[in-house]
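I have placed the structure first, in the form of structure tokens, so that the comments after it can refer back to it.
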Amino acid sequence: MKNINFLAFAMPAFFLFLFLEYKLAQRKKRPEIFNYESSVSNISIGIAERLINLFVAASFYQLYYLIYDDYRIFDVPSNFLVWIALILATDFVWYWYHRLGHEVNFFWAAHIVHHHSEEFNFTAAARITTFQAIIRTGFWCILPFVGFHPTMVITMLIVHGAYSFFTHTQLVGKIKWLEYIFVTPSVHGVHHASDEKYLDKNYGDMFTFWDRLFGTFQEEEEKPKYGLTHPLKSYSFLWQHFHYYFEIYELWRRSKGFKARWKAVFGSPAHMDQDIRPTLEKRFLQDKSNPHQRLRFRNYLYIQLGICTLLLTVFTYYFDHLETYDKIFVLSIIIITLINCGAILEQRKWIYYLEYTRIFMITTYFLYERDLTIFFFVPLVIMIFAEQLFSLSKYYQNMILQLESAE
């Protein structure tokens with residue numbers, strides 16, 4: 001049992017709580033809490049973060065041990081009061097990481113993905129990118145530097161992350177007496193709001209007294225409107241990850257002089273030119289002829305997300321026992337599948353060729369496993385022949401990209 005990677009159970013646990021939240025929302029007649037396209041997008045980003053973190057998490061832990069072993073300031077013991085101090089220190093570091101994530105363009109580019117969603121439920125908690133994980137790891141490094149043992153730090157980060165997951169829901173109302181100390185779903189919902197009075201408020205993840213101390217606390221009054229002040233017009237997996245980096249580059253390109261270009265990267269998101277995003281969306285995204293239509297054949301997306309989840313769970317469980325080429329194969333297949341899901345939501349016709357790429361990768365992998373790589377061209381020839389003979393792309397697009405009214 002000691003070799004079991006317990007992180008393998010994170011995704012099944014996530015879907016269990018998501019299922020319970022969905023059923024409770026139905027029971028309370030709150031269907032507006034969930035939106036199909038947004039939920040698919042949220043879950044896709046969460047799967048990608050869990051997947052890529054398998055490759056980088058070990059480096060995070062090694063960095064903590066390196067700092068602790070060679071550079072720690074104090075030898076902090078392990079006792080009850082120290083654990084209390086650690087949980088306070090963890091949330092204090094989070095507060096400043098989180099606040100800078102909203103006040104500095106470079107950090108906001110990684111964090112903005114968490115705020116794209118216009119729904120506020122457990123799926124929104126999954127909207128964490130690896131870029132964000134890497135940046136906040138830099139902030140966490142102060143804990144082993146002070147002298148907290150890495151094992152304690154890692155344990156506390158798991159507890160801290162688990163707590164914040166449960167604050168992403170609308171099914172728990174205001175608990176005013178608790179909000180004097182702890183972050184509740186109502187408090188964190190304010191942080192996810194785009195209403196002017198709620199902007200840049202409630203940065204704490206577990207405790208509210210940091211926000212009260214530094215003047216950034218706001219209790220919920222009117223019902224929040226969730227998402228960005230300027231909503232993203234795309235469910236594209238890639239665009240959601242990288243659009244703000246493009247915006248920073250565009251602002252940097254337009255700027256003249258060192259000071260202006262420095263502000264383009266490290267200035268405030270509030271000063272970002274508001275014409276940049278629409279300009280980039282026209283350049284890189286396709287305009288939908290009817291924004292009130294949605295996919296009819298949605299089960300295909302559910303199947304793909306289900307396969308990704310199952311594959312990620314098994315992959316996490318056996319990660320330490322796999323060869324490098326196995327890891328690269330699984331990483332590639334899952335990422336391409338997630339890109340495929342975003343492309344389907346965007347009704348992109350080139351997804352058909354992405355399907356061919358995925359089939360070719362799978363067949364090549366199994367040929368490699370059987371030491372038959374020399375025949376890698378056979379599946380390729382078959383696919384080309386089938387396309388020419390039966391025009392499969394037309395049947396595929398007509399079936400997968402069927403639309404119906406979203407009203």
Side-chain angles (χ1 to χ4, degrees), residues 5 7-8 10-12 14-15 40-41 43-56 126 130 235-241 295 297-402:
N5 189 337
L7 289 176
M11 288 301 293
F14 164 76
F15 278 101
V40 168
S41 176
I43 293 169
S44 296
I45 290 173
I47 291 174
E49 187 269 340
R50 288 290 87 201
L51 171 67
I52 298 175
N53 270 8
L54 287 175
F55 293 85
V56 297
T130 299
Y235 292 112
S236 166
F237 177 80
L238 292 175
W239 185 249
Q240 290 184 84
H241 274 80
L295 294 170
F297 194 49
R298 295 190 289 274
N299 286 340
Y300 185 55
L301 280 177
Y302 292 137
I303 292 170
Q304 293 196 81
L305 288 179
I307 292 174
C308 282
T309 302
L310 178 61
L311 189 55
L312 177 59
T313 301
V314 175
F315 184 53
T316 304
Y317 190 93
Y318 291 105
F319 185 79
D320 293 334
H321 305 288
L322 297 174
E323 299 293 337
T324 300
Y325 69 89
D326 294 316
K327 295 177 180 179
I328 294 175
F329 168 73
V330 175
L331 172 68
S332 302
I333 286 295
I334 292 181
I335 292 296
I336 286 179
T337 301
L338 296 177
I339 293 173
N340 181 280
C341 290
I344 291 176
L345 288 175
E346 293 287 299
Q347 299 156 31
R348 300 277 187 162
K349 294 183 178 180
W350 50 258
I351 59 172
Y352 179 68
Y353 302 101
L354 200 62
E355 297 278 22
Y356 266 152
T357 301
R358 186 164 52 180
I359 293 172
F360 180 66
M361 289 176 60
I362 292 172
T363 56
T364 301
Y365 173 77
F366 282 107
L367 287 172
Y368 179 83
E369 284 281 292
R370 298 292 184 268
D371 199 23
L372 296 171
T373 313
I374 191 174
F375 298 109
F376 79 93
F377 64 91
V378 174
L380 188 61
V381 171
I382 293 174
M383 287 187 290
I384 293 174
F385 178 77
E387 172 60 29
Q388 293 297 319
L389 188 61
F390 301 109
S391 298
L392 297 178
S393 60
K394 293 181 180 179
Y395 292 105
Y396 178 88
Q397 291 167 4
N398 290 337
M399 180 175 65
I400 299 298
L401 299 182
Q402 289 184 64

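One-based numbering along the sequence shown.
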Scan for salt bridge (Lys or Arg N to Asp or Glu O under 4.0 Å) pairs involving residues 363-379, sequence neighbours excluded, and state none if there are none. none
Gap between atom CD1 of Ile328 and atom CD1 of Ile333 - 0.5 Å precision: 13.0 Å
Could you pull out all residues at least two apart from Phe15 that satisfy ring pair (Phe, Tyr, Trp, His ring centres under 6.0 Å)? none
Taking only residues two or more places apart in sequence or in another chain, which ones pass ring pair (Phe, Tyr, Trp, His ring centres under 6.0 Å) with Tyr302? Tyr36
Check whether any side-chain heavy atom of Leu367 lies under 4.5 Å from a side-chain heavy atom of Pro379, and answer yes or no. yes
Enter the distance from Ile307:CD1 to Gln304:CD here, rounded to the nearest 0.5 Å. 7.0 Å
Any chance CZ of Phe376 has more than 12 other-residue heavy atoms, nucleotides or ligands included, within less than 6.0 Å? no
Distance (rounded to the nearest 0.5 Å) between Ile344 CD1 and Leu301 CG: 4.5 Å
If you compare all heavy atoms of Ser236 against all heavy atoms of Glu346, which two are closest, and at what distance to 0.1 Å? N-OE2, 3.6 Å
Heavy-atom closest contact (Ser44 atom, Leu338 atom, distance): O-CD1, 3.4 Å
Applying ring-ring contact (aromatic ring centres under 6.0 Å, His included), which residue pairs with at least one partner in residues 343-362 are found, sequence neighbours left out? Tyr352-Tyr356, Tyr352-Tyr396
For the CG atom of Asn299 and the CD1 atom of Ile303, what is their distance to the nearest 0.5 Å? 6.0 Å
Within this structure, what is the CD1-CG distance for the pair Ile382 and Leu389, rounded to the nearest 0.5 Å? 13.0 Å
What is the minimum heavy-atom distance between Leu312 and Ile47, and which atoms define it? CD2-O, 3.9 Å
Please list all pairs meeting salt bridge (Lys or Arg N to Asp or Glu O under 4.0 Å) that have one or both residues in residues 350-365, counting only residues at least two apart or in different chains. Glu355-Arg358
Validation row: Phe14, Ile43 side chains within 4.5 angstrom (heavy atoms): yes
Enumerate the residue pairs fulfilling salt bridge (Lys or Arg N to Asp or Glu O under 4.0 Å) with a member in residues 300-319, sequence neighbours excluded, ordered by first and then second residue. none
Roughly how far, to the nearest 0.5 Å, is the CZ atom of Phe237 from the OG1 atom of Thr337? 10.5 Å
Run the ring-centre check on Phe55 versus Phe319 and record whether the distance is less than 6.0 Å. yes
If you apply the rule side chain to side chain contact (heavy atoms under 4.5 Å, CB included), what do you find for Val40 with Tyr235, and how did you get there? CA-CA 9 Å; Val40 168; Tyr235 292 112; over 6 Å; no
